[in-house]
Each structure stands twice: as structure tokens, then as C-alpha cells.
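Labels below follow one simple rule: chain letters A, B, ... track the order of the sequence lines, proteins then strands, and each chain is numbered from 1. All values below come from the heavy atoms of this structure, side chains included, with hydrogens, waters and symmetry mates left out.
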There are 2 protein chains.
Amino acid sequence: MITITDVANLAGVSKATVSRVLNNSGYVNEDTRKRVEQIVKENHYVPSASAIKLSKQESTAIGVVVPEIDNLFYGDVLHGITEIADQHDLSLVFFDTQNKAEKEVRALHTLSQQRVRGLILAPAVDYSLSSLGRELRKQLKALDIPVVIVDRDSENMHWDGVFYESYQSSYRAAQILHKAGHTRLGIITGDLALKIGRDRLQGFRQGVLDNGLELRDEDIFEGDFLEERAYELSKKMFLSGDWPTAVYTCNNRTSLGFLKAARECKIRIGKDIAVIGNDRIAMIDQLGIPFSCVYRDNIEMGRMALKMLLERIENPTRPRNICMIPYQVHLCGTEKLNP
Amino acid sequence: MITITDVANLAGVSKATVSRVLNNSGYVNEDTRKRVEQIVKENHYVPSASAIKLSKQESTAIGVVVPEIDNLFYGDVLHGITEIADQHDLSLVFFDTQNKAEKEVRALHTLSQQRVRGLILAPAVDYSLSSLGRELRKQLKALDIPVVIVDRDSENMHWDGVFYESYQSSYRAAQILHKAGHTRLGIITGDLALKIGRDRLQGFRQGVLDNGLELRDEDIFEGDFLEERAYELSKKMFLSGDWPTAVYTCNNRTSLGFLKAARECKIRIGKDIAVIGNDRIAMIDQLGIPFSCVYRDNIEMGRMALKMLLERIENPTRPRNICMIPYQVHLCGTEKLNP
DNA sequence: AAAAGATATGGAAACGGTTACACCACCATG
DNA sequence: CATGGTGGTGTAACCGTTTCCATATCTTTT
């Protein structure tokens with residue numbers, strides 16, 4: 001690998017001069033500049049990022065840690081992040097923790113070695129509930145770099161964050177079902193060990209109450225944001241022979257599990273039961289299923305996260321900043337047809 | 001930020017000794033080791049990856065470049081890659097080129113600065129067809145690091161690669177439709193500027209011929225692997241009033257576009273027309289659409305890619321290595337019902 | 001003509017690690 | 001008692017950059 005010294009020797013100048021040419025700093029004679037640039041080009045010289053980082057004491061990388069990249073939501077978020085990273089010539093060091101706290105520990109450690117400028121993080125676990133979570137919080141604090149939390153909040157966080165209106169969107173879901181004429185509502189919750197899981201349950205419950213309806217204990221099905229469990233719960237519900245007129249499914253995977261169960265039990269969505277989900281599902285309308293949902297702009301969440309991180313890097317002492325991504329509504333066949 | 005020198009001073013030893021403790025190399029007195037480790041822990045000392053890289057002249061990062069991370073396929077691939085990366089303590093430098101060759105140019109340049117150990121790449125464009133593609137090929141060659149191409153092959157590539165049996169799976173798709181009793185077949189192709197697009201067309205065409213059927217020119221619809229175009233083409237087809245008894249849709253997005261058009265035109269899948277796709281679509285069976293497909297294990301493609309890259313790094317001179325991920329078949333209601 | 005500025009360049013230290021080498025102490029061996 | 005290993009540690013060079021400072025030449029100003 002050719003180095004700056006090689007270039008300097010070939011051009012018959014000193015390293016300092018080559019560096020000045022490369023960085024467009026200080027005075028350089030036009031002829032010298034040309035000559036150096038020529039040599040650089042001919043020899044495909046590319047300066048070493050490590051050496052630069054070491055010398056300048058500043059990095060151009062930022063860390064991105066997500067819990068499951070094979071979930072389209074995080075794919076979208078990453079898309080948004082890369083969009084902005086590109087504009088600012090930042091490179092991304094990526095980690096997928098697969099929802100495992102241990103992997104997050106390792107990721108944070110590696111990022112600390114890398115001296116990244118900042119970190120965008122969607123934690124694998126709640127930072128308040130488990131001892132492992134609290135351990136992680138300490139580790140992150142010790143890292144002492146700019147951090148933006150994305151999507152998964154915990155109680156008493158002091159980092160910047162980009163979050164989704166989990167509570168409000170769920171509240172609205174209840175309202176929508178009420179307006180559509182439903183009286184007995186149900187919910188398949190997400191993982192209640194995560195704040196977003198609890199928020200969605202609480203928002204929905206409050207929405208139910210505020211609309212003069214009731215949410216029976218037996219109509220609350222405790223899921224985990226994954227298909228499998230939602231499928232099992234829904235199946236159990238349908239087999240019991242007694243179910244709400246409409247249910248709220250708390251994320252995309254939960255919705256899919258629910259729909260699968262409904263199909264297997266020959267329950268007609270929109271006729272035998274209505275559903276409103278959180279998160280969109282690809283093309284579901286075109287497939288002819290009446291599926292309403294509340295949802296958000298995932299890519300924008302990614303963009304926001306990096307923008308906020310850059311602002312934080314710019315100004316490390318400014319007060320904590322939170323961005324709530326608003327929910328949107330998509331309606332399709334939620335009205336109660338068989339009152 | 002605390003450095004190795006600080007640790008050395010605090011422990012009353014030299015940098016060399018601290019380094020020995022850290023790397024578990026050479027002789028270190030047990031008491032000294034304890035003392036150093038204590039100081040390291042107390043002060044949260046983490047060695048700088050840049051300094052190590054510079055000094056050892058070897059990196060522990062590998063580059064990953066994909067064309068669209070908000071496509072579940074690449075999410076899965078990235079999942080597979082991280083799985084293996086984790087086992088080998090490698091960190092990933094990630095780029096999304098958004099199918100733009102210019103972004104790939106920049107990504108390659110940045111990766112070259114970073115001195116990554118190797119690169120996993122799904123190119124944005126064909127490396128043989130356009131001048132931009134050939135430019136990229138040259139740039140990649142100049143990079144002169146271990147490379148594994150994933151999914152998107154081009155003609156005359158000399159890098160290792162993990163590819164999908166595009167030709168064979170498409171050939172099989174034709175065979176399946178023939179066995180199911182169809183006689184007039186159609187295809188909505190992918191982007192023919194990509195080799196995988198051409199391979200799928202050719203495989204299907206050969207399959208049609210070898211089964212004694214014909215593939216009329218007017219039944220070949222030239223798409224681009226995206227929903228929108230597939231939707232338009234399908235709509236045009238249905239509006240023409242004259243269409244094949246079965247069509248082959250070349251990837252997940254193409255299938256969705258097709259299904260959307262069918263629904264809008266009130267064409268009943270499985271009755272008025274049959275379809276076989278490439279790539280699975282989440283839960284489509286549970287939604288009650290008779291949709292057959294040929295598909296592959298995406299995550300395994302990611303795993304394979306990194307494994308092959310590691311082998312290449314291990315042994316840079318070994319002959320070119322190609323891994324073909326086999327296709328699998330999923331059948332659902334493709335039989336011709338209305339002969 | 002001297003002083004002051006602008007232009008152009010090189011030398012050398014610094015960044016934070018690793019490592020070859022030298023050195024010393026200790027002990028066993030012939 | 002010289003010899004030679006083993007254990008333990010420090011010194012200094014080195015990795016590839018940037019940057020401060022010194023120096024030199026050429027212009028311009030006073």
C-alpha cells in the first residue's frame with residue numbers, strides 16, 4: 001500500500017507539502033500541486049483513514065445499533081440514516097444485536113474502541129426494567145459520546161431521541177374503532193417488557209375508556225411483537241368462540257400473526273371481526289383484506305435521528321431534545337358491518 | 001480520552017508493559033498485571049482502534065455495500081452477515097447505494113480509505129453493460145482487496161460470489177406451470193440491465209421451450225423489479241382482454257405489483273389467471289391468495305458471503321470461488337382450474 | 001535600502017498504540 | 001565459576017498522517 005511518504009518521494013517534495021495539497025490548506029505552488037496530484041492519481045494513492053483519525057483526533061464515523069435488521073422497519077430507518085450520512089460524508093459502523101442484550105454490550109464496546117463521533121441506538125431491552133438493562137445504561141453513559149435513541153425509549157432516559165407516538169396512535173386506534181360502531185374491543189399487545197409495548201397498551205386502554213367502552217381483561221392478549229405468539233393468541237381467541245368485535249394489533253408482525261390465525265379459523269376480516277393495526281403491511285389493501293392501521297414515516301425517523309445526532313455533536317451541552325414522529329391513519333373497512 | 005500512556009503512568013510501568021497486559025503477550029509479572037488491569041477498569045480505558053490498526057497494519061473491519069436496504073431481501077442478507085461477523089469479532093462499515101452508481105463510487109472510495117480487510121458488495125448496476133459499470137469494475141479492481149459479490153452478478157467477473165440460481169429457478173417455474181396444465185405462459189421480467197434480470201427471462205424461456213410450449217413476444221412484459229412498473233404492465237395486460245393462463249413474476253416487488261393490478265381489475269388469482277413468483281411474500285398464503293413461488297434462503301446468502309470472504313482473506317491466491325444458493329419451491333394453487 | 005508581508009517548502013513533533021531489542025535478575029547446569 | 005536459559009521490564013523505533021515552526025525567496029511598502 002502506497003503512503004504519503006511514497007508520494008512525497010515520487011514528487012520530490014516533503015510529506016508536509018503533499019498533505020497541504022491533499023487538504024487544500026496553506027500555500028502550495030501551482031506547479032507543485034499539479035505534480036503531486038498527478039502522482040496521487042497515477043498511483044491510486046488513498047490516505048489512510050486511521051492515520052488521519054489518529055493525527056486529527058477526530059473521527060468521521062458514527063455507530064448504528066439496531067435490534068433486528070430483518071425487520072422492514074429498521075431497514076427503512078437505516079435507509080433514512082444513510083441518506084443524511086451521505087450528505088455529510090459520514091460512514092456508518094453497523095451492528096445488529098438480534099434483540100440480545102449481550103450483543104449490545106459488545107457492540108457498545110467495539111464502538112468505544114472505534115471512537116465514533118456519535119451513536120444511533122435502538123436498544124435490545126428496556127433500560128429501566130432488568131438489571132442487564134441498567135447495566136447497559138451505565139455502559140452507555142460511560143461511553144460518553146453523543147447518542148440518539150431511536151424508537152425504543154425507556155423511563156428516565158437523558159439522551160436525545162426520535163420516538164413514535166405510541167400512546168397517541170393507540171389511543172386513536174381505539175377512537176376509530178369506537179366511531180366505527182364497535183363496542184367490545186380487544187388488543188394483542190406487543191412486548192410489555194418494552195416501553196413502546198406498554199405505551200401502546202395504555203394508550204389503547206385510555207382510548208377505550210374515554211370513549212365510554214370497556215376493555216375486558218380477557219380481551220387483552222399479551223404478545224411480544226412477533227408473529228408466532230400473535231398467531232397462537234389469536235387462534236386461542238377464535239377457538240374460544242367468544243371474541244371482541246374488533247381488535248388492535250400492536251405492530252406489523254402481530255398483525256400478520258393475527259391474520260394468519262383468522263384465515264385458518266375461517267374468520268372473515270371485516271365481517272366476523274374488524275382489525276386495526278400499528279404499522280403498514282405491504283400491499284395488504286391490494287390483496288383485498290380490509291385492514292386499517294395507524295402508522296408512521298419510518299424513513300423520516302432515520303433521517304431525524306441522524307440530524308439530531310449531528311446537532312448534538314455540534315452542541316454537546318444543549319438541553320435534551322426529543323422528536324416525536326406523528327402517527328398517520330389509514331382506514332379500510334373497519335366499520336362494523338354486522339351490528 | 002485516556003490513553004495507554006496515562007494508564008502506564010498511573011500504574012508506574014511503561015507503555016510496553018501495559019500493551020503486554022492488554023494483549024496477553026510476552027512476560028508480565030502477576031502483580032503488575034493485576035495492577036494494570038485494575039487501572040484499566042477504574043478509568044474505563046479502551047484502546048483506540050485507529051492506533052491499533054495503524055500500528056499493527058491490519059484492520060478488523062469489513063465493508064458491506066447494498067443497493068437498497070429497505071428491501072427485505074437485503075435486510076435478511078445483512079442479518080446473515082452480522083451473524084458471522086459477530087463470531088469473528090469483525091465490525092461492519094455499511095453503505096446503501098440506493099441503486100445509484102455514483103453512490104457506489106463514493107462508497108468504494110471511502111472503504112479504500114478505511115483499509116477494510118474485505119468487501120461484500122451487491123452492485124448498483126451491471127459491471128459489463130454501461131460505461132459507468134465498467135468504470136466501477138476498474139475502481140473495484142484498483143481497490144485490490146478481497147471481494148465477494150452477492151446476488152448481482154455480471155459477465156466476466158473474477159471475484160468470488162454468492163449467487164442465486166436465477167436461471168434454474170426460472171426454468172423450474174416454467175416447468176411447474178406446464179405440469180399444472182397451462183399452455184400459454186407469460187412473464188413480467190425484472191430489470192434486464194441486470195444479469196439476474198436476463199437470467200430469469202432466459203431460464204424461463206428455455207423452460208417454456210423445453211416443455212413444448214411457446215412464449216409469445218406479446219406475453220413478455222419488460223419490468224424493472226419494482227412494483228410500479230409491474231403494476232402498470234399487468235394492468236395493461238388485463239385491460240387488453242387477452243392474456244396468458246399463467247404468468248411468472250420475477251421478484252417480490254413484481255409479484256406485488258401484479259397482484260395489485262389483478263385485484264383492481266377483478267381478476268381472480270387461481271381462477272382467471274395463475275401466478276408463480278420468485279421470492280416469497282410475507283404471509284401471502286395466510287391471506288388466502290393462491291401464490292406459488294420459487295425462492296431461496298436469504299439469510300444463508302449473507303452467511304455464505306462473509307464465510308467466503310474470510311476464506312479469501314485467509315488465502316488470497318486461491319482460485320475464484322462461486323457459491324450458488326439453490327432455489328426452493330413453494331406450491332399453492334397453481335393448477336389450471338378452468339381449462 | 002531596509003522592513004514587512006506574501007508565497008512556498010521542509011523538518012520534526014505529535015497522535016496512540018505495538019514490538020524488536022537490550023538489559024537485568026535469578027536460577028540451574030556442566 | 002562461566003554459561004545459558006527464563007522471567008520481567010523499559011527504550012526507542014515505527015505505523016501514516018497533520019501541523020507548528022523555521023527558513024527562504026520574492027514583492028511591495030516606507
Side-chain angles (χ1 to χ4, degrees), chain A residues 1-37 39-40 43-61 89 91 109-117 145, chain B residues 1-37 39-40 43-61 89 91 109-117 145:
Chain A
M1 192 102 264
I2 178 170
T3 72
I4 198 173
T5 312
D6 303 326
V7 174
N9 291 150
L10 286 170
V13 296
S14 72
K15 298 196 294 179
T17 299
V18 177
S19 178
R20 279 187 287 259
V21 171
L22 259 27
N23 295 290
N24 240 306
S25 63
Y27 294 111
V28 179
N29 180 285
E30 203 44 43
D31 288 346
T32 314
R33 149 163 279 118
K34 289 254 172 62
R35 191 148 34 92
V36 170
E37 279 169 348
I39 306 251
V40 165
N43 298 77
H44 301 113
Y45 166 69
V46 180
S48 150
S50 298
I52 294 176
K53 200 186 284 189
L54 191 57
S55 177
K56 287 202 185 168
Q57 290 291 81
E58 53 146 322
S59 133
T60 147
D89 251 310
S91 57
H109 185 260
T110 305
L111 286 169
S112 135
Q113 287 206 186
Q114 308 251 358
R115 308 280 197 267
V116 291
R117 301 226 22 205
I145 55 169
Chain B
M1 192 105 260
I2 179 169
T3 74
I4 197 173
T5 311
D6 303 327
V7 175
N9 291 151
L10 287 170
V13 296
S14 71
K15 296 198 296 178
T17 300
V18 177
S19 178
R20 275 179 221 118
V21 171
L22 259 28
N23 296 291
N24 239 306
S25 62
Y27 294 111
V28 178
N29 179 286
E30 202 45 43
D31 288 346
T32 315
R33 148 163 279 118
K34 288 254 173 61
R35 191 151 31 94
V36 170
E37 279 169 349
I39 306 249
V40 164
N43 300 75
H44 301 111
Y45 167 68
V46 180
S48 149
S50 298
I52 294 175
K53 199 187 282 189
L54 191 58
S55 174
K56 287 203 183 167
Q57 290 292 82
E58 52 144 334
S59 133
T60 150
D89 252 310
S91 57
H109 185 258
T110 305
L111 286 169
S112 140
Q113 287 205 187
Q114 309 251 356
R115 307 282 196 268
V116 291
R117 299 216 39 193
I145 56 169

Original post:
How about A:S91 and B:Q114: does a side-chain donor come under 3.5 Å of a side-chain acceptor?
Top reply: yes
Original post:
Can a donor-acceptor pair be found between the side chains of B:S19 and B:N23 at a distance below 3.5 Å?
Top reply: yes
Subject >> All salt bridge (charged side-chain N to carboxylate O under 4.0 Å, His left out) counterparts of A:D31, not counting sequence neighbours >> reply: none
**OP:** Would you give a per-nucleotide map of nucleotides 12-23 of chain D, 5' to 3', where B means the base has a protein non-hydrogen atom under 4.0 Å away, S means only the sugar-phosphate does, and - means neither?
**Re:** ---BBBBB----
Subject >> Under 3.5 Å: donor-acceptor pair, side chain of B:S59, backbone of B:K53 >> reply: no
Subject >> Sidechain-backbone polar pair: A:R117 side chain, A:A61 backbone, donor-acceptor under 3.5 Å >> reply: no
Original post:
Can you check whether A:T3 reaches A:K15 side chain to side chain, under 4.5 Å on heavy atoms?
Top reply: no
Original post:
Out of curiosity, A:I4 CD1 to A:S14 OG, how far, rounded to the nearest 0.5 Å?
Top reply: 9.0 Å
Which atoms of nucleotides 6-8 of chain D (N or O only) lie under 3.5 Å from a protein N or O atom, and what are those distances?
{"from": "D:dG7", "atom 1": "OP2", "to": "B:Y27", "atom 2": "OH", "distance (Å)": "2.6"}

**OP:** Write down the distance between CG (A:D31) and C1' (C:dT9), rounded to a whole number of angstrom.
**Re:** 14 Å
Original post:
Among B:T17, B:V18, B:L22, B:N24, whose side-chain contact (heavy atoms from CB on, under 4.5 Å) with B:R20 holds?
Top reply: B:T17
